Engineer: 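Below: one structure in structure tokens.
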Amino acid sequence: MVKLDSLKNKAEFDFVYKNARRFFHKNFALYALQTHTYPNSPKILQVILARQARVYLGLSISKKIGKAHMRNLIKRRLRAIVYEQHYVGFLFVIVARQGITSVDFATLKADLLFAFKQLKISSRHKNSAKDSIKSTSAKGADSINHTESAKHIESKKKIDFATKPDSIKKRDFTKRAGLCKS
């Protein structure tokens with residue numbers, strides 16, 4: 001499993017804002033920074049990397065987005081998406097925008113994965129061989145619409161937590177993100 005840690009203070013957020021690659025979407029802004037791109041890493045990066053997580057995520061969701069329960073739901077969904085993609089060696093900051101509350105999980109996931117693809121961020125996922133075969137076959141068709149990928153994500157296997165064995169019941173971000181029926 002990938003250990004996910006958060007950015008803790010303003011200096012860490014500012015470091016990512018200043019040095020990261022950016023992608024702006026109507027529902028969020030994504031800042032992504034690879035940790036191994038600095039041979040003589042600055043002190044702030046050394047402090048971040050001393051926590052020994054594989055991926056670091058900073059979420060900036062203001063009170064303009066909604067009340068606390070809505071902001072927490074957005075945070076859980078964003079963490080779940082980053083957690084299940086197994087991005088290793090990255091610092092991410094996601095700044096939520098006003099329309100993110102009206103977006104369902106599948107669309108948010110498709111939009112965020114589209115943003116990762118635009119920034120050329122690859123995940124080290126268990127099924128990376130299958131993904132590389134799909135991506136090589138899809139190189140001829142570059143006009144893939146990311147809303148069609150949302151339909152593809154919705155059609156994937158639904159997780160049934162009632163039949164999950166007790167030995168596997170660990171902290172599951174997808175359950176808290178609103179993917180299952182309680």
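All values below come from the heavy atoms of this structure, side chains included, with hydrogens, waters and symmetry mates left out. None of the values given here were measured: they were computed from a predicted structure.
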Engineer: Regarding Lys109 and Thr107, do their side chains bring together a donor and an acceptor under 3.5 Å, going by distance alone?
Structural biologist: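 Their side chains do not contain a donor-acceptor pair, so the 3.5 Å distance test is not met.
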Engineer: Are Tyr31 and Tyr17 close enough that their ring centers fall under 6.0 Å?
Structural biologist: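 Here the rings of Tyr17 and Tyr31 have centres that are less than 6.0 Å from each other.
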Engineer: Nearest heavy-atom pair of Ala11 and Ile44: which atoms, and what distance?
Structural biologist: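 Residues Ala11 and Ile44, closest heavy atoms: CB-CD1, 3.9 Å.
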Engineer: When you measure from the side chain of Arg21 to the backbone N and O of Gln34, does any donor-acceptor pair fall under 3.5 Å?
Structural biologist: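 Flag not set: sc Arg21 to bb Gln34 has no pair under 3.5 Å.
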Engineer: Treat each ILVMFWY residue as a node, draw an edge where side-chain heavy atoms are under 4.5 Å apart, and state whether Leu112 and Phe114 are in one component.
Structural biologist: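 Both belong to a single hydrophobic cluster.
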Engineer: Please tell me if the side chains of Lys3 and Arg51 come closer than 4.5 Å, counting only heavy atoms from C-beta onward.
Structural biologist: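 The answer is no, as the side chains (C-beta and beyond) never meet within the 4.5 Å cut-off.
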Engineer: Working to the nearest 0.5 Å, report the span between CG of Leu57 and CG of Asp5.
Structural biologist: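 CG of Asp5 is found 9.5 Å from CG of Leu57.
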Engineer: Enter the distance from Asn27:CG to Ile65:CD1 here, rounded to the nearest 0.5 Å.
Structural biologist: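 Taking CG in Asn27 and CD1 in Ile65, the distance rounds to 9.0 Å.
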Engineer: Enter the distance from His36:NE2 to Leu33:CG here, rounded to the nearest 0.5 Å.
Structural biologist: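 The NE2 atom of His36 sits 10.0 Å away from the CG atom of Leu33.
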Engineer: Using the rule that two of Ile, Leu, Val, Met, Phe, Trp, Tyr join whenever any of their side-chain heavy atoms come within less than 4.5 Å, decide whether Leu4 and Ile94 are in one cluster.
Structural biologist: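 Result: yes, single cluster for both.
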Engineer: Measuring from atom CZ of Phe23 to atom CG of Leu30, what distance do you get when rounded to the nearest 0.5 angstrom?
Structural biologist: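 One finds 8.0 Å between CZ of Phe23 and CG of Leu30.
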Engineer: Any side-chain to backbone donor/acceptor pair from Arg22 onto Ala20? Under 3.5 Å, distance only.
Structural biologist: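 Indeed, once roles are kept as given, a pair shorter than 3.5 Å links the two residues.
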Engineer: So do the side chains of Leu78 and Leu108 get within less than 4.5 Å of each other, counting heavy atoms only?
Structural biologist: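 Sidechains of Leu108 and Leu78: in contact.
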Engineer: With rounding to the nearest 0.5 Å, note down the distance linking CZ in Phe92 to OG in Ser6.
Structural biologist: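 Reported value, rounded in 0.5 Å steps: 14.5 Å.
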Engineer: I'd like to know if Arg79 pairs up with Glu84 as an ion pair, taking the criterion as any Lys NZ or Arg NE/NH1/NH2 lying under 4.0 Å from an Asp or Glu carboxylate oxygen.
Structural biologist: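 So Arg79 does not pair with Glu84 through a salt bridge.
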Engineer: I'd like to know if the side chain of Arg97 and the backbone of His25 have a donor-acceptor N/O pair within less than 3.5 Å.
Structural biologist: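 A pair under 3.5 Å: yes.
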Engineer: Do Ile48 and Tyr56 come within less than 4.5 Å of each other through their side chains, counting heavy atoms only?
Structural biologist: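 Yes. Closest side-chain heavy atoms under 4.5 Å.
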Engineer: Which atom pair, heavy atoms only, marks the closest approach of Met70 to Thr101?
Structural biologist: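 Nearest pair, atom of Met70 first, then Thr101: CG-CG2, 3.3 Å.
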Engineer: Output the distance between atom CZ (Phe90) and atom CG (Leu119), rounded to the nearest 0.5 Å.
Structural biologist: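 Those atoms lie 9.0 Å apart.
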Engineer: Is the Tyr87 to Phe116 ring centre distance short of 6.0 Å?
Structural biologist: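 Judged by ring-centre distance (under 6.0 Å), Tyr87 and Phe116 do meet the cut-off.
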Engineer: Could you check whether atom CD of Gln52 has more than 12 heavy atoms from other residues, nucleotides or ligands sitting under 6.0 Å from it?
Structural biologist: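 No, not enclosed.
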